[in-house]
Structure formats: C-alpha cells, structure tokens
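Right, one structure below, let's go through it.
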Amino acid sequence: MDTRLKPRKTPVQGRSKATCDAVLEAAARILVEEGRQALTTNRIAERAGVSVGSLYQYFPGKEAIVAELIREMRRDMVVLLRGAVQAAATQAFRPAVGTLLAATLDHHTARPELARALEREEEDLPIDAETQVLKAELRGLIAGFLVERGVADAERCAFDLVAMCHGMASAAVRAGQDNMEDLKGRLERAVLGYLGRPE
C-alpha cells in the first residue's frame, strides 16, 4: 500500500479511537462544506478539536485521511450489498436487481454530498490494496447473484455491470442529480437491458 494512504497505526483504546473518528468526521465535513481546497491537516485538526501532533500520530497526511474515508464508504457498501444479496435470494429477478441497486446507492442517499466528494477524491488517489479487495468483493457478490440466476459468464458480466452502474451513478451525482429513486430506475433498465432481460 502507498504509505501516503496508510494510517500510521490503528487505534485500540476508546480515547484514541475517538480521536481518529473526530479527525475523519472533521475531514468529511470540510470536504462537504468548504471543498477540497480547504482540506489541510491544520484545518482538519482545528475542526476535530485535536492538536496537529495528535492527528499525525495516526495519519501521515490528508491523503491518508481521505483514503480512510473512501475505505469506510466501500466497507459500508460491502456490508449493505451482502444483506441485499440475502434479501434478493427469494425475489423474482427484476425486484432482486432493484434490491441490489438500492443497496449500492445507499451511500448516496445517506450522505449524498460526502459520497459525491469522496468519489471525486477517489479519482485522484492511487487505489490501495484494501480498496482493491473491497471492490473485488463487491464484484464477487454480484457475480454470485448472477450465477444463482443462471447468467452465463457471470464474472465478466459482474465486472461490466459494476463499471456501468458506477459510471452512470458518478455522472448523475456530478451533474447534481439527487433523485436516487429515478437513478435506480434508470440503472435497473440498463442492467436488465445488458443482461437481455428487459421485461
């Protein structure tokens, strides 16, 4: 992993975990409210109510803080998608696709401005090992769903579908579209069309 993107150490005790959480939340709020140009370690520490020295105990710089926010977002997506795959197991194909898409869009619904900001930041950072693993797990969950539904070449289809949905969702949020239900409907049509099941 690029050392610029890796935390210096993992907090274990409650106080150190609270410090890390405060730093991450401060960075998230600055990104949303003030923009990436305002994101400095000094500003993050000030907003978090900690010293710059305390911040540097856990993170080598702002890139590592942003990378950890991105990893948190991906971890949450994996957890949500695991649950959605289980829920979709008993559903017909089309509603099952809708269930999976709703899970992948959940981070846009919960904190849309932050999701939009982090996706912009992710484009400018090298992908670290953990993020690669998380993305691979997302594709694996989709591939497993497709295998269960009898879709041929499920792994390649999963790769294409993840890329297609990510591209459409990113373009939509960048354009300021915030109606996630409408976006889900458009993604659903695209997915079903790609799979040759436009019913």
State, with a plain yes or no, whether a side-chain heavy atom of [X] is found less than 4.5 Å away from one of [Y].
{"X": "L24", "Y": "F59", "answer": "yes"}
{"X": "R43", "Y": "L39", "answer": "no"}
{"X": "V151", "Y": "V147", "answer": "no"}
{"X": "T104", "Y": "V162", "answer": "no"}
{"X": "D76", "Y": "M73", "answer": "no"}
{"X": "L187", "Y": "L105", "answer": "yes"}

Who pairs with E113 by salt bridge (Lys or Arg N to Asp or Glu O under 4.0 Å), at least two apart in sequence or on another chain?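 Once residues adjacent in sequence are excluded, E113 has no partner under the salt bridge (Lys or Arg N to Asp or Glu O under 4.0 Å) criterion.
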
Can you name the salt bridge (Lys or Arg N to Asp or Glu O under 4.0 Å) partners of R74, sequence neighbours left out?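 Here the qualifying residues are E122.
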
Test salt bridge (charged side-chain N to carboxylate O under 4.0 Å, His left out) on R47 and E25; report intermediate values, then the result. CA-CA 9 Å; R47 185 78 185 255; E25 183 59 25; over 6 Å; no

Do NZ/NE/NH1/NH2 and the carboxylate oxygens of [X] and [Y] come within less than 4.0 Å?
{"X": "R75", "Y": "E68", "value": "yes"}
{"X": "R156", "Y": "D160", "value": "no"}
{"X": "E119", "Y": "R111", "value": "no"}

For a quick test of reading the model, state the closest non-hydrogen atom pair linking [X] to [Y] and the distance between them.
{"X": "L146", "Y": "C157", "value": "CD1-CB, 3.8 Å"}
{"X": "L55", "Y": "A45", "value": "CD1-N, 4.0 Å"}
{"X": "A28", "Y": "L114", "value": "CB-CD1, 3.7 Å"}
{"X": "L81", "Y": "L138", "value": "CD2-CD2, 3.6 Å"}
{"X": "V78", "Y": "L141", "value": "O-CD1, 4.1 Å"}
{"X": "G98", "Y": "K184", "value": "O-CD, 3.7 Å"}

Answer yes or no: is there a donor N or O on one side and an acceptor on the other, between the side chain of [X] and the main chain of [Y], under 3.5 Å?
{"X": "S170", "Y": "G167", "value": "no"}
{"X": "Q37", "Y": "E34", "value": "yes"}
{"X": "K62", "Y": "T40", "value": "no"}

Charged tip of R197 within 45° of F93 ring normal and under 6.0 Å: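 Yes.
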
